[in-house]
Amino acid sequence: MEILAVFLVGLCCVLQSNGIEVEASENNGCRNFQPHTVMLQEKQSYRTSFHFQPPRNWLNDPNGPMWYRGVYHLFYQYNPYGALFGDFMIWAHSVSYDLINWIHLNHALCPTEPYDINSCWSGSATILPGKGPVILYTGIDANQCQVQNMAMPKNLSDPFLEEWIKFAQNPIMTPPDGVEGNNFRDPTTAWLSHDGKWNVIIGSWNNNQGMAILYQSEDFFNWTKYQDPLYSTERTGMWECPDFYPVSVNSTYGVDTSVLNAGVKHVMKASFNSHDYYMIGTYVPEMEKYIPDNDFTGTGMDLRYDHGKFYASKTFFDSVKNRRILWGWVNESDSIEDDMDKGWSGLQSIPRRIWLDRSGKQLVQWPIEEINKLHGKKVTFLDKKIDSESIFEVQGITAAQADVEVVFELPELQEAEFLNLTAVDPQLLCSDANASIKGRLGPFGLLTLATKDLTEQTAIFFRIFKGLKGYVVLMCSDQSRSALRDEVDKTAYGAFIDIDPQRENISLRSLIDHSIIESFGGEGRACITNRVYPKLAIHEEAHLFIFNNGTLSVTISSLNAWSMNKAQINHKENFI
């Protein structure tokens with residue numbers, strides 16, 4: 001309590017010096033909506049074993065991830081009433097020591113006050129130097145208007161931060177003139193400028209432009225809108241869940257959100273049109289402008305975190321391991337009726353380390369190293385030739401719950417067919433040329449969550465082409481045969497990978513977890529996440545294959561595959 005007293009005294013000094021009455025709302029409103037202790041059936045075919053999800057009900061956006069006093073925190077959007085999105089959304093809260101095994105705590109923020117009575121929507125956490133974490137979040141007020149609010153821990157000496165107090169002077173930001181009340185949400189983690197001002201951006205849409213509205217504060221409690229957006233564009237929709245952070249130009253290590261020097265570039269990310277898009281560029285604090293290296297184009301060539309199911313993501317800087325970590329919401333692809341029958345909906349992706357590629361043109365993502373703690377039985381292949389139209393099974397692991405890394409060599413690369421990249425959308429290319437369509441170099445890759453007779457299968461594969469300026473590597477996922485069910489989404493996904501197969505081999509890593517497949521091509525330069533719902537290829541009936549449906553042979557330089565053990569995700573009272 002002494003730490004809390006110091007924090008609140010400091011808070012009082014800051015606020016009282018600005019003539020603000022110091023009070024806080026003790027009730028976060030969550031006492032009647034605490035985590036369900038009843039678990040669903042253990043043998044549910046589509047429930048995951050090592051991805052984060054609550055025991056039941058609806059989950060969406062990750063909120064306020066952070067590390068504090070030896071503990072990782074994940075807040076997330078949650079509907080305590082059921083498996084569908086609702087009109088009473090709250091901030092659920094879980095903690096972990098390793099980002100893999102989790103403890104569910106009491107919910108952090110629930111609707112109680114006029115400024116958030118209709119839902120506590122997404123936001124972020126900021127660690128104030130010497131004062132601890134503060135949450136900024138969007139409240140849906142009594143007039144169905146989106147406003148920004150603040151909450152603070154009740155007890156800073158508690159590493160679990162189990163109780164939160166809402167700031168009595170909420171809301172601290174309201175929609176500015178010209179911005180409609182339903183287009184003003186999702187505050188970012190704040191950054192501290194050299195002039196001592198705090199900065200935060202809010203996602204918005206105004207005058208047919210998606211934008212990042214900039215607010216500034218000298219004390220973190222009184223906020224003023226800057227005259228111009230930090231960035232705006234006519235080529236997007238409404239910006240949801242924006243993110244803004246620096247990345248090192250000469251290292252894979254992460255940096256704190258407030259770092260600004262010649263050794264960093266800045267990432268501006270926005271969620272719209274069902275995907276998370278980003279730009280790499282330069283932040284000019286003297287002008288309060290963001291200048292991207294390449295602007296959004298509104299086409300399939302814009303940079304994305306993930307080309308499959310992945311949305312409303314959030315990053316945080318992990319100061320313990322000097323890395324930036326990315327979380328993303330992975331929604332369902334089956335029907336509303338299926339979700340209600342399952343009793344749950346939505347997953348969080350495996351946390352990914354994220355950094356700037358050595359080319360400086362894109363980001364790279366890779367599952368955090370802690371996921372390897374779940375590795376079980378391992379199988380390995382080396383230097384295995386895969387002839388045209390051949391397939392072989394990877395046996396000896398649990399194919400429905402696995403981690404697979406494979407590296408391909410292309411001994412006949414010079415025979416690749418030609419592709420003119422002008423105005424080519426990789427997703428359409430993958431849709432038109434699925435895994436059953438023969439080419440020269442490809443398709444080759446993995447058949448995941450497959451039946452023994454391949455009636456059901458989800459293919460993750462590559463095709464290699466000759467382009468006008470070198471070789472072209474296309475990564476695809478084909479869900480057309482993923483399930484003997486008609487009511488599920490079977491969209492094909494695709495991405496070009498910026499690698500030269502003359503200089504490096506083609507690699508693929510896939511994390512397979514019953515109804516989700518997260519795939520990383522080219523050592524993380526392209527990512528595709530799938531949600532699939534096989535009817536037959538479940539549990540012990542799921543199989544994993546390597547295939548080559550091209551007319552030219554390829555070689556497996558190496559393959560390592562592991563069965564994955566189950567992560568421990570418990571309630572606090574059950575955690576030992």
Side-chain angles (χ1 to χ4, degrees), residues 123-124 126 128-129 136 148 172-179 183-251 254-272 276-298 302-303 314-315 317 324 354-356 359-363:
S124 302
T126 301
L128 303 187
L136 298 180
Q148 312 314 316
I172 56 175
M173 303 173 217
T174 58
D177 292 342
V179 174
N183 289 331
F184 183 70
R185 58 184 178 269
D186 308 335
T188 62
T189 297
W191 69 95
L192 189 62
S193 296
H194 294 319
D195 62 4
K197 289 183 180 178
W198 286 100
N199 302 266
V200 68
I201 58 176
I202 313 295
S204 189
W205 168 262
N206 190 28
N207 293 326
N208 293 318
Q209 292 184 324
M211 64 181 62
I213 300 179
L214 176 64
Y215 280 80
Q216 297 181 317
S217 174
E218 295 182 354
D219 57 15
F220 214 86
F221 309 105
N222 298 284
W223 294 87
T224 302
K225 185 180 81 71
Y226 191 73
Q227 59 190 16
D228 299 313
L230 188 62
Y231 181 82
S232 62
T233 176
E234 296 179 348
R235 297 186 180 95
T236 72
M238 162 70 193
W239 278 30
E240 294 189 295
C241 302
D243 207 357
F244 187 66
Y245 56 90
V247 287
S248 174
V249 299
N250 51 23
S251 171
V255 293
D256 182 80
T257 306
S258 295
V259 168
L260 178 63
N261 55 46
V264 302
K265 300 284 280 188
H266 272 76
V267 175
M268 176 76 80
K269 167 261 172 179
S271 301
F272 55 87
D276 278 13
Y277 296 89
Y278 71 90
M279 300 173 289
I280 298 168
T282 302
Y283 172 44
V284 185
E286 297 81 11
M287 301 170 56
E288 294 301 354
K289 281 293 181 184
Y290 179 71
I291 304 173
D293 295 344
N294 293 287
D295 202 347
F296 287 140
T297 65
D302 286 336
L303 294 170
K314 184 71 66 177
T315 68
F317 174 59
R324 183 161 289 271
I354 188 167
W355 67 93
L356 185 66
S359 69
K361 296 188 294 185
Q362 68 165 96
L363 298 173

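Counting begins at 1 with the first residue of the sequence.
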Can you name the closest pair of heavy atoms from Thr189 and Thr257 and give their distance?
CG2-OG1, 4.2 Å
Which heavy atom of Ser248 sits nearest a heavy atom of Ser251, and at what distance?
OG-N, 3.3 Å
Expected output: side-chain Asn261 to main-chain Gly263 donor-acceptor under 3.5 Å:
yes
If you measure from the Lys or Arg side-chain nitrogens to the Asp or Glu carboxylate oxygens, is any gap between Asp302 and Arg235 under 4.0 Å?
no
Residues Gln148, Tyr215; criterion side chain to side chain contact (heavy atoms under 4.5 Å, CB included); working and verdict
CA-CA 11 Å; Gln148 312 314 316; Tyr215 280 80; over 6 Å; no
Between Ser271 and Asp276, is any side-chain donor less than 3.5 angstrom from a side-chain acceptor?
yes
From CD (Glu286) to OG (Ser193), nearest 0.5 Å:
9.5 Å
At what distance, to the nearest 0.5 angstrom, does CG of Leu192 lie from CG of Leu260?
11.0 Å
Please round to the nearest 0.5 Å and tell me the distance separating atom CE of Met268 and atom CG of Asp243.
10.0 Å
Note, Ile213 side chain near Met173 side chain (heavy atom, < 4.5 Å):
no
Mind checking the OG1-CG spacing from Thr282 to Asp293? Nearest 0.5 Å is all I need.
5.5 Å
Tyr283 and its side-chain hydrogen bond (donor to acceptor under 3.5 Å, both in side chains) partner, picked from Lys289, His266, Glu288
Glu288
Tell me whether the count of non-hydrogen atoms from other residues, nucleotides or ligands lying under 6.0 Å of CG in Asp195 goes above 12.
yes
Where Pro242 and Lys314 come nearest, the two heavy atoms and their spacing
O-NZ, 3.8 Å
Taking the side chain as C-beta and beyond, is there a heavy-atom pair between Thr315 and Lys269 under 4.5 Å?
no
Supply the atom-to-atom distance Asn183 CG to Asn206 CG, rounded to the nearest 0.5 angstrom.
8.0 Å
Walk me through whether Lys225 and Leu214 qualify under side chain to side chain contact (heavy atoms under 4.5 Å, CB included).
CA-CA 6 Å; Lys225 185 180 81 71; Leu214 176 64; over 6 Å; no
Is there a side-chain contact between Thr126 and Trp198, using heavy atoms and a 4.5 Å cut-off?
yes
Taking atom types as modelled and ignoring hydrogens, do the side chains of Asn222 and Thr224 form a donor-acceptor contact shorter than 3.5 angstrom?
no
Taking all atoms of both residues into account, what is the closest heavy-atom pair of Gly210 and Thr236, and its distance?
CA-OG1, 3.6 Å
Going by the angle between their ring planes, with limits at 30° and 60°, are Phe244 and Trp191 parallel, tilted or perpendicular?
tilted
List the steps, then state whether side chain to side chain contact (heavy atoms under 4.5 Å, CB included) holds for Ile202 with Trp223.
CA-CA 12 Å; Ile202 313 295; Trp223 294 87; over 6 Å; no
Which atom pair, heavy atoms only, marks the closest approach of Met238 to Gly203?
CE-O, 3.5 Å
Counting only heavy atoms not in Asn294, do more than 12 sit closer than 6.0 Å to its CG atom?
no
Candidate pair Asn199 and Tyr226, rule side chain to side chain contact (heavy atoms under 4.5 Å, CB included), full reasoning
CA-CA 10 Å; Asn199 302 266; Tyr226 191 73; over 6 Å; no
Taking Arg324 for its side chain and Trp355 for its backbone only, find out whether a donor-acceptor pair lies under 3.5 Å.
no
One should read off an interatomic distance between Asp186 CG and Ser204 OG, to the nearest 0.5 angstrom, of 10.5 Å
Do you know the tightest heavy-atom contact between Pro292 and Met279?
CB-SD, 3.7 Å
Knowing that exactly one of Tyr278, Trp205, Tyr277 qualifies, which makes a ring-ring contact (aromatic ring centres under 6.0 Å, His included) with Phe272?
Tyr277
